[in-house]
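Below, read A as the first sequence line, B as the second, and so on, with proteins coming before strands; counting in each chain starts at 1. Atoms considered below: every heavy atom in the structure, side chains included; atoms not considered: hydrogens, waters and symmetry mates.
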Amino acid sequence: MFSDELKTLRKLGFRHVLLQILNFASVITSGLMIWKGMGLMFNTESPIVVVLSGSMEPAFYRGDLLFLTNFGNQRYSTGDITVYKIPGADIPIVHRVLETHDTIVKNSSSEVTLAPVADQLLLTKGDNNYVDDIELYQGLDWLERKHIVGKVRGFLPYVGYVTIAMNDFPQLKYALLGVLGLLALIQRE
Amino acid sequence: MHSIYARINGLTALLSTCVMVLLGTIALSSLIYTADPKGELSINSIRVHPGKERRYPRRTREFAFVNFNVTADLTPLFNWNTKQLFLYLEAEYENVKGVKNDVVIWDRIVRRKEDAVINVQGKNKYKFKDLAKSFKDVPPAHYSLKYNVMPYVGVLTYGEAARTTEAIEFPEAQDTM
């Protein structure tokens, strides 16, 4: 089955193989650039996340894609859905804000403003959980801005399931990578 | 040139482009719907009782218990791209230390248009407590009913359906339930 392909590979020569490797590399790097570019634009370390647990059902199921923003002056209010990562926990969590507490500051001209976004205290809860998240905060009493990866702005169902499948069945990942690599090498044009 | 690879490649490219365009159009189409339904919210009673904290069982603090009445017709929010509504009732107040607080005390998920006519006489689902352990001298609070429209695909939107016209005072703490 592969003898034909091997023959064509030999006929094409070394330069062609190099060119195909270069093409493959450019596809991967442009993907990475789009990812990092989105991260810069929306000021978050991961602009797109895949839902990994069922704690927000029936709003989000495993494998749904969420689009995040995390602008510097973005204040969180109740009802917003955050993605947060507590130091010491291994996976980011997608849950809804239940309480917000903002200190009020009076400046010299006695104008009333809210304290900087970084000082906001939050409490979250999963729609599908009975109680709030305080047990998930690893000893902290409140969630703070520095733990938050982003606010959920957009939603696309099912698409992220590919990554979950690849994590659950590693063979699938290697098979896919192998086939892609082989195709990239032997494909003409 | 008409190899099997080329055909598969062309077909999947066409299909995925079509699906992307379709999803994009659906997401954009829901921006046309700008329904802003209003309902009514009234607070029947508020009581304050001391209690024990969940996390620190030896500490006591005050908890507020709110009985409320909500009526609202939210059916206009259901369009062809509405997956569900997340309804929540929150208390908004400033405490004695000058902290602005928003606390959700009740919520409900509405998944069908038939269930979107809300008529609830309820009490708070979640613990309502202040940062400073006590509701003594805390200024009166406003209450509001808000919603989050969650689409099948696209952007999440938020709105407010009802608000109390006057701020409501916290009563003195009572020891007995």
Side-chain angles (χ1 to χ4, degrees), chain A residues 5 56-61 64-69 75-81 96-106 112-115 119-125 127-128 130-132 134-135 137 139-142 151-159 179 182-183 186-189, chain B residues 1 3 5-6 8-9 16 19-20 23-24 26-27 53-56 81 83-95 97-111 125-132 144 146-160:
Chain A
E5 272 84 357
M56 282 296 278
E57 284 176 18
F60 305 144
Y61 289 86
D64 292 345
L65 274 195
L66 306 175
F67 298 85
L68 312 182
T69 65
R75 202 171 281 281
Y76 287 82
S77 48
T78 52
D80 286 343
I81 303 167
R96 198 185 291 271
V97 176
L98 194 70
E99 293 184 16
T100 67
H101 304 280
D102 287 283
T103 313
I104 297 167
V105 188
K106 287 198 176 88
V112 178
T113 49
L114 294 180
D119 297 337
Q120 196 175 30
L121 300 178
L122 303 174
L123 181 69
T124 54
K125 176 186 163 290
D127 286 3
N128 200 20
Y130 284 105
V131 290
D132 57 52
I134 201 150
E135 310 295 334
Y137 293 166
L140 301 170
D141 280 338
W142 299 100
K151 184 192 285 195
V152 177
R153 296 299 188 142
F155 171 77
L156 187 63
Y158 309 124
V159 181
V179 168
L182 210 68
L183 275 183
I186 55 184
Q187 210 175 41
R188 257 185 283 184
E189 195 108 35
Chain B
M1 282 305 96
S3 69
Y5 293 130
I8 292 176
N9 201 7
S16 52
V19 169
M20 287 307 240
L23 289 178
I26 292 171
E53 281 191 60
R54 175 154 65 98
R55 189 173 212 183
Y56 308 105
N81 191 23
K83 184 182 184 178
Q84 66 167 38
L85 295 181
F86 183 82
L87 262 182
Y88 54 104
L89 182 77
E90 71 171 20
E92 301 160 11
Y93 69 100
E94 287 171 20
N95 72 0
K97 286 185 174 166
V99 177
K100 184 181 172 296
N101 307 281
D102 291 348
V103 179
V104 174
I105 57 175
W106 175 86
D107 63 15
R108 169 176 282 187
I109 294 170
V110 182
R111 302 181 68 186
K125 247 168 104 174
Y126 306 119
K127 293 266 159 59
F128 183 12
K129 53 190 195 286
D130 187 59
L131 286 182
S144 65
K146 297 186 175 180
Y147 58 83
N148 170 211
V149 184
M150 311 191 76
Y152 284 110
V153 56
V155 182
L156 279 69
T157 50
Y158 292 84
E160 186 180 287

Q: Using a cut-off of under 4.5 Å for heavy-atom pairs, which of A:V131, A:L114, A:T100, A:D80 has the most such pairs with chain B?
A: A:T100
Q: Which answer fits B:F128, side chain, backbone, both or neither, if we ask what part of it has an atom under 4.5 Å from a heavy atom of chain A?
A: neither
Q: Take B:Y147 and B:V110 through the test side chain to side chain contact (heavy atoms under 4.5 Å, CB included) and record every step on the way to the result.
A: CA-CA 10 Å; B:Y147 58 83; B:V110 182; over 6 Å; no
Q: By a 4.5 Å heavy-atom criterion (distance strictly below it), what part of B:L156 contacts chain A: side chain, backbone, both, or neither?
A: both
Q: CZ of B:R108: more than 12 outside heavy atoms within 6.0 angstrom?
A: no
Q: Using a cut-off of under 4.5 Å for heavy-atom pairs, which of A:L140, A:V105, A:L123 has the most such pairs with chain B?
A: A:L140
Q: Indicate yes or no: at least one non-hydrogen side-chain atom of A:Y76 is less than 4.5 angstrom from one of A:K151.
A: yes
Q: Give, as side chain, backbone, both or neither, the part of A:L65 having an atom under 4.5 angstrom from any heavy atom of chain B.
A: neither
Q: Which one of A:T78, A:T103, A:I81 has the most heavy-atom pairs closer than 4.5 Å to chain B?
A: A:T78
Q: Given heavy-atom pairs under 4.5 angstrom as the criterion, report whether the side chain, backbone, both or neither of B:I105 touches chain A.
A: neither
Q: Name the member of A:P157, A:G154, A:P58 that forms the most heavy-atom pairs with chain B at distances under 4.5 Å.
A: A:P58
Q: Given side chain to side chain contact (heavy atoms under 4.5 Å, CB included), test A:L122 with A:W142 step by step and report yes or no.
A: CA-CA 6 Å; A:L122 303 174; A:W142 299 100; over 6 Å; no
Q: Using non-hydrogen atoms only, which part of B:Y126 is less than 4.5 Å away from chain A: side chain, backbone, both, or neither?
A: side chain
Q: Using 4.0 Å as the upper bound for N to carboxylate O, is an ion pair formed by A:D132 and B:R54?
A: yes
Q: Chain B: which of A:R96, A:E99, A:E135 shares the most heavy-atom pairs with it under 4.5 Å?
A: A:R96
Q: Return the option, out of B:D102, B:L23, B:V103, B:N101, with the maximum number of heavy-atom pairs under 4.5 Å with chain A.
A: B:D102
Q: If you tally heavy-atom pairs under 4.5 Å against chain B, which of A:I134, A:L121, A:L156 wins?
A: A:I134
Q: Tell me, do A:S77 and A:V97 make a side-chain contact under 4.5 Å, heavy atoms counted?
A: no
Q: Below 4.5 Å from any heavy atom of chain A, which atoms of B:D107 appear? Answer side chain, backbone, both or neither.
A: side chain
Q: Does A:Y158 offer a backbone N or O that forms a donor-acceptor pair with the side chain of A:D64 under 3.5 Å?
A: yes
Q: Given a strict heavy-atom distance threshold of 4.5 Å, which part of A:Y130 is in contact with chain B: side chain, backbone, both, or neither?
A: backbone
Q: Can you tell me if NZ on B:K125 sees more than 12 non-hydrogen neighbours from other groups inside 6.0 Å?
A: yes
Q: The test is side chain to side chain donor-acceptor pair (under 3.5 Å); show your working for B:N148 and B:Y88 and say whether it passes.
A: CA-CA 8 Å; B:N148 170 211; B:Y88 54 104; over 6 Å; no
Q: With a 4.5 angstrom heavy-atom cut-off, is it the side chain or the backbone of B:K127 that approaches chain A, or both, or neither?
A: backbone
Q: Does B:K100 reach the main-chain N or O of A:I104 with its side chain, forming a donor-acceptor pair under 3.5 Å?
A: no
Q: Find the one option among B:T157, B:L131, B:I109, B:V155 whose heavy-atom pairs under 4.5 Å with chain A are most numerous.
A: B:L131
